[in-house]
Amino acid sequence: MKVLSRKFYSRDTVCVARELLGKILVRKIGRQKLSGIITETEAYKGNNDPASHAAKKITERNKVMFGQIGKTYVYFTYGNHFMLNAVAKNEKNNAGAVLIRSIEPQNGIKSMIKNRKTSVISNLTNGPGKLTQAMNITKEQNNIDLTKNSLVFITDGIKPKKILKKPRIGITKGTEKLWNFSFQT
DNA sequence: TCGCAGATTGCCT
DNA sequence: GGCAATCTGCGAA
């Protein structure tokens, strides 16, 4: 399986969000590998996107979104949840990232069940806070390179058939943009 | 089945 | 001091 190159992420954020559907998210923990097919994503830009963390100025938390393309952006919210993003943008944007909202578990399901403390497969990784918990992704995995075979990376996967466009979830601004992408496996 | 509120931390104003 | 790119459980119907 081929690891996606930096070139893949060096395009328009919305375009990358759509193309990440069907790709495989891999998390290495020691000798173990956890993986899943990406089934839902959301695009967050910098300029002109009020819903994005990077809408205003650069800060200690969001600086990764302004940084190198193809890195992870992991942040903490609501007091108990981590969110996993991939930094993606073209030369026109100063910042941008794709939120991974949902995956379908492939390898290491036993470990995911252990991490999530539930045995319902369909409830393991069907939400941004859930999948980080299932894959044991925390702040420690912030700003690491997704284009190398390291702790977290994304490889080529399957081709989604029908892609659904929806408004983004959980935000109060910028809801008119249909930048949520998903598909059924 | 649906809707709502509590959890709980860190960031920004 | 207020609120956030969420999840879960509980109570009502």
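Residue numbers start from 1 in every chain, and the chains themselves are labelled A, B, ... in the order their sequence lines are given, proteins ahead of strands.
- A nucleotide of DNA chain C counts as in contact with chain A when one of its atoms lies under 4.0 Å from a heavy atom; the first and last such, 5' to 3', are C:dA4 to C:dT8.
- Rounded to the nearest 0.5 angstrom, A:Tyr75 OH and A:Asn142 CG are separated by 11.5 Å.
- In this structure the side chain of A:Ile24 never reaches within 4.5 angstrom of the side chain of A:Ile154, judged on heavy atoms.
- Tested against A:Asp49 for a salt bridge (Lys or Arg N to Asp or Glu O under 4.0 Å), the candidates A:Arg168, A:Lys56, A:Lys177, A:Lys89 yield a single pass: A:Arg168.
- Backbone-only contact: A:Gly129 has heavy atoms under 4.0 Å from sugar-phosphate atoms and none from a base.
- Contact annotation: the side chain of A:Ile100 never approaches that of A:Asn85 to less than 4.5 Å [non-hydrogen atoms, C-beta and beyond].
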Under the 3.5 Å Watson-Crick or G-U criterion, the dot-bracket string of DNA chain B, with | for inter-strand pairs: |||||||.||||.

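- Listed by residue number, the members of residues 94-112 of chain A with any heavy atom below 4.0 angstrom from DNA chain C are A:Leu99, A:Arg101.
- For the atom pair CZ of A:Arg116 and OG1 of A:Thr132, the computed distance is 9.0 Å after rounding to the nearest 0.5 Å.
- Taking the side chain to side chain donor-acceptor pair (under 3.5 Å) definition, one finds that A:Gln68 meets it with nothing, sequence neighbours left out.
- The shortest non-hydrogen separation linking A:Tyr9 to A:Leu20 is CE2-CD2, 4.5 Å.
- Distance check, rounded to the nearest 0.5 Å: CZ of A:Arg101 to OG of A:Ser182 gives 10.0 Å.
- Summarising the geometry, atom OH belonging to A:Tyr73 is positioned 6.5 Å from atom CE belonging to A:Met65; distances are rounded to the nearest 0.5 Å.
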Interface polar pairs with nucleotides 11-13 of chain B, N/O, under 3.5 angstrom:
{"from": "B:dC12", "atom 1": "OP1", "to": "A:Thr59", "atom 2": "OG1", "distance (Å)": "2.3"}

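- A:Asn115 and A:Gln133 form no side-chain donor-acceptor contact under 3.5 Å, judged by distance and modelled atom types alone.
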Produce the list of close N/O pairs, under 3.5 Å, pairing protein atoms with atoms of nucleotides 4-7 of chain B; give distances to one decimal.
none

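- On the C1' atoms, B:dA5 is 15 Å away from C:dC3, given to the nearest whole Å.
- Distance check, rounded to the nearest 0.5 Å: CG of A:Leu25 to OG of A:Ser35 gives 8.0 Å.
- Between the side chains of A:Ser102 and A:Thr39, at least one donor-acceptor pair of N or O atoms lies under 3.5 Å.
- Outside the 6.0 Å centre-distance limit, the rings of A:His81 and A:Phe76 are not counted as a close aromatic pair.
- Cation-pi contact between A:Arg27 and A:Phe153: absent, since separation from the ring centre below 6.0 Å together with deviation from the ring axis within 45° is not met.
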Verdict with supporting geometry, A:Thr72 and A:Gln141, side-chain hydrogen bond (donor to acceptor under 3.5 Å, both in side chains): CA-CA 7 Å; A:Thr72 58; A:Gln141 280 74 48; over 6 Å; no

